[in-house]
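The model shown is predicted, which means the values in this text are computed figures rather than measured ones. Hydrogens, waters and symmetry mates play no part in the numbers below; they use all other heavy atoms, side chains included. Position 1 is the first residue of the sequence, and the numbers go up from there.
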Amino acid sequence: GDWELRVVCMGAGYVGGPTMAVIAKKCPRIRVAVVDISTSQIDAWNSKDLPIYEPGLQEVVEETRGKNLFFSVDIDAEVAAADLIFVSVNTPTKLTGIGAGRAANVKNCELCARKIAEVSTSSKIVVEKSTVPVRTADAVRRVLATNDKGIKFQVLSNPEFLAEGTAIDDLMDPGRVLIGGEQTPDGLAAIEKLVKVYAHWVPRERILTTNLWSSELSKLVANAFLAQRVSSINSISALCEATDADVSEVARAIGSDHRIGSKFLQASVGFGGSCFQKDILNLVYLCESFGLEEVAEYWNQVIKMNDYQKSRFSSLIVSRMFNTVTGKRIAIFGFAFKKDTGDTRETASVFVCRNLLEERARLHVFDPKVTREQMMLEFEYSTGTTEKTVPGLNELVITAECPYEAAKGAHAIAILTEWDEFKNYDYQRIYDSMAKPAFIFDGRNILDQAKLGQIGFEHYAIGKPRRKEW
Ligand code: NAD
Ligand code: UDX
């Protein structure tokens, strides 16, 4: 048809899918195609059961799919026909080789660049949407330049700031859009082309433009600062428990200072998700590779504090329950890394569960959006927990259909995700069905502790004054 612009996105994941759906909705005259090497992923995007859960996503996809939004495995044809190509592929932490355990693997980005160079017959703008180490755009540019057809490419950096669980709202009304590009006439023209896409719905003053390296680095730094706030308040939660201060009160008091601000001060069992740890490790590795040992160590501490918080919570469960959970049934409420998502990548829940399994506890897990299959994959992927490392794993981890079933006969409940529905359960009914003394460990501070006490629970929450008898 008579399209204003043809856009393609390589990578149909948590970022590519929702981002392109929102561009399609806001720009009816732009043709948007999302391609992926995974046929099953594309099939799911074309079906009734989308591959990811995100509030509001289904509606946006149903409104645009087949009109100006298309999901396809025909990568070559879609890339060849596009004016602007987003690269939104996964860039996980390297597991082996140089920088293993810290450096981000940019293999998928390079493969995309090679594919673009191979199939293009006209000049294009290539946009890094993936989170990448600083100077990746330089590598992408050099790979693109190897094409033998004399085609000129422009490379832009346009990191994504959406958070899972609120992706559609974040995309519809972003705090800012960041676009980095080469500071040359051609680079600036490419920047302007991408600015025009976002300007369909984002006020101009919220579209920030800069050079490539500032843009790439800003994404890593934004996540490092956000994660640092969580680790900072979590470090204080341990001190609160030792002193009878209340971490929620401390967060309220310090957050009222506008220079500090009230967001991201919710003490928890620890941050999870596919981004925070990976991106901080990426930053740490970058610093190390430039010989900045002290800077690397400073940011690495944010991750160490998070590891401490997760193991502190599982140790606390064991010590409160008379120093043994062997053979005890523990109900786990929540497996996703935060509410309103089925994503389990790096979830704090899996680490707490792993530690409890090593103590030979029996876990009955309930999460509104996570399947058993996904849960078992996460055990293996995140913690290396398999039948081999924990014999009887498949029987020790039971997935429950509902919270009441999970809690029935249990010695304890651990709340590990802050799902809203967890607040509204009938805790009297749950208490009545449990073994006594009935423990409840709130790793998200979402329950009314006083009420739990009245019911008769032995209750614990993060960073709260200790009960006298403990
Ligand atoms: P994801 O794993 O959900 O999706 C990535 C997709 O890319 C997969 O479907 C995979 O099959 C596909 N892919 C891999 N190589 C490909 C290739 N050569 N050609 C075509 N498709 C290919 O990952 P995600 O969560 O969407 O993250 C993508 C990037 O965005 C990462 O760099 C991540 O750091 C960044 N990011 C993620 C979030 C988030 O909340 N998940 C937020 C901001 C930024
Ligand atoms: C994050 C960034 O927020 C987003 O801008 C970026 O694009 C991708 O990474 P995401 O990982 O999806 O988004 O979720 P986020 O809301 O940041 O939460 C990350 C983790 O921190 C979750 O496990 C969450 O439960 C935890 N958290 C967050 C806290 O424990 N306390 C808080 O106050 C805030």
Does anything in residues 42-60 form a side-chain hydrogen bond (donor to acceptor under 3.5 Å, both in side chains)? List the pairs, not counting sequence neighbours. Q58-E62

Residue pairs passing the side-chain hydrogen bond (donor to acceptor under 3.5 Å, both in side chains) test with at least one member in residues 71-80, sequence neighbours excluded, are R31-E78, D76-K115

Is there a side-chain contact between [X] and [Y] in this structure, where contact means two heavy atoms from C-beta onward sitting under 4.5 Å apart?
X    : Y    : result
V89  : C112 : yes
R312 : N234 : no
L393 : M376 : yes
K369 : D340 : no
E4   : K196 : no
T19  : F86  : no
T91  : N282 : no

Closest non-hydrogen atoms of V370 and G342, given as atom of the first, atom of the second and distance, are CG2-O, 3.7 Å

Any idea which heavy atoms bring L220 and P133 closest together, and the distance? CD1-CA, 4.5 Å

Show me the donor-acceptor pairs within less than 3.5 Å that the side chains of residues 181-191 make with the rest of the protein, sequence neighbours left out.
| unit_1 | atom_1 | unit_2 | atom_2 | d |
| --- | --- | --- | --- | --- |
| E182 | OE1 | R141 | NH1 | 3.2 |
| Q183 | NE2 | G181 | O | 2.9 |
| Q183 | NE2 | T210 | O | 3.2 |
| T184 | OG1 | G187 | N | 3.1 |

Can you establish whether the number of heavy atoms outside [X] located under 6.0 Å from its atom [atom1] is more than 12?
X    : atom1 : result
K263 : NZ    : no
K193 : NZ    : no
E294 : CD    : no
R206 : CZ    : yes

Is there any salt bridge (charged side-chain N to carboxylate O under 4.0 Å, His left out) pair reaching into [range], and which pairs are they, with sequence neighbours excluded?
range            : value
residues 213-230 : none
residues 377-386 : none
residues 89-100  : none

Whether the [X] and [Y] side chains hold a donor-acceptor pair (N or O, under 3.5 Å, no angle test) is what I'd like checked.
X    : Y    : result
S349 : T347 : no
W3   : N68  : no
E418 : S268 : no

Can you name the residues that form a ring pair (Phe, Tyr, Trp, His ring centres under 6.0 Å) with F276, not counting sequence neighbours? F271

Taking only residues two or more places apart in sequence or in another chain, which ones pass ring pair (Phe, Tyr, Trp, His ring centres under 6.0 Å) with F225? W299

Is the backbone of V143 close enough, under 3.5 Å, to the side chain of E110 for a donor and an acceptor to pair up by distance? no

State which residues pass side chain to side chain donor-acceptor pair (under 3.5 Å) with E358; sequence neighbours excluded, sorted by chain then number. none

Tell me whether the rings of F366 and F333 are parallel (<30°), tilted (30 to 60°) or perpendicular (>60°). perpendicular

Check: residues 152-168 side-chain donor-acceptor pairs under 3.5 Å, at least two apart:
| unit_1 | atom_1 | unit_2 | atom_2 | d |
| --- | --- | --- | --- | --- |
| S157 | OG | S215 | OG | 2.6 |
| N158 | OD1 | K129 | NZ | 3.0 |
| N158 | OD1 | Y198 | OH | 2.6 |
| N158 | ND2 | L178 | O | 2.9 |
| E160 | OE1 | K129 | NZ | 2.9 |
| E160 | OE2 | L162 | N | 3.0 |
| E164 | OE2 | R345 | NH2 | 3.4 |
| T166 | OG1 | A163 | O | 3.3 |
| T166 | OG1 | D170 | OD2 | 2.9 |

Residues two or more places apart in sequence or in another chain: which of them pass side-chain contact (heavy atoms from CB on, under 4.5 Å) with P174? V177, W201, V202

Check: residues 395-406 side-chain donor-acceptor pairs under 3.5 Å, at least two apart:
| unit_1 | atom_1 | unit_2 | atom_2 | d |
| --- | --- | --- | --- | --- |
| T399 | OG1 | R372 | NH1 | 3.1 |
| Y404 | OH | D426 | N | 2.9 |

Between R114 and E118, does any NZ, NE, NH1 or NH2 come within less than 4.0 Å of an OD or OE carboxylate oxygen? no

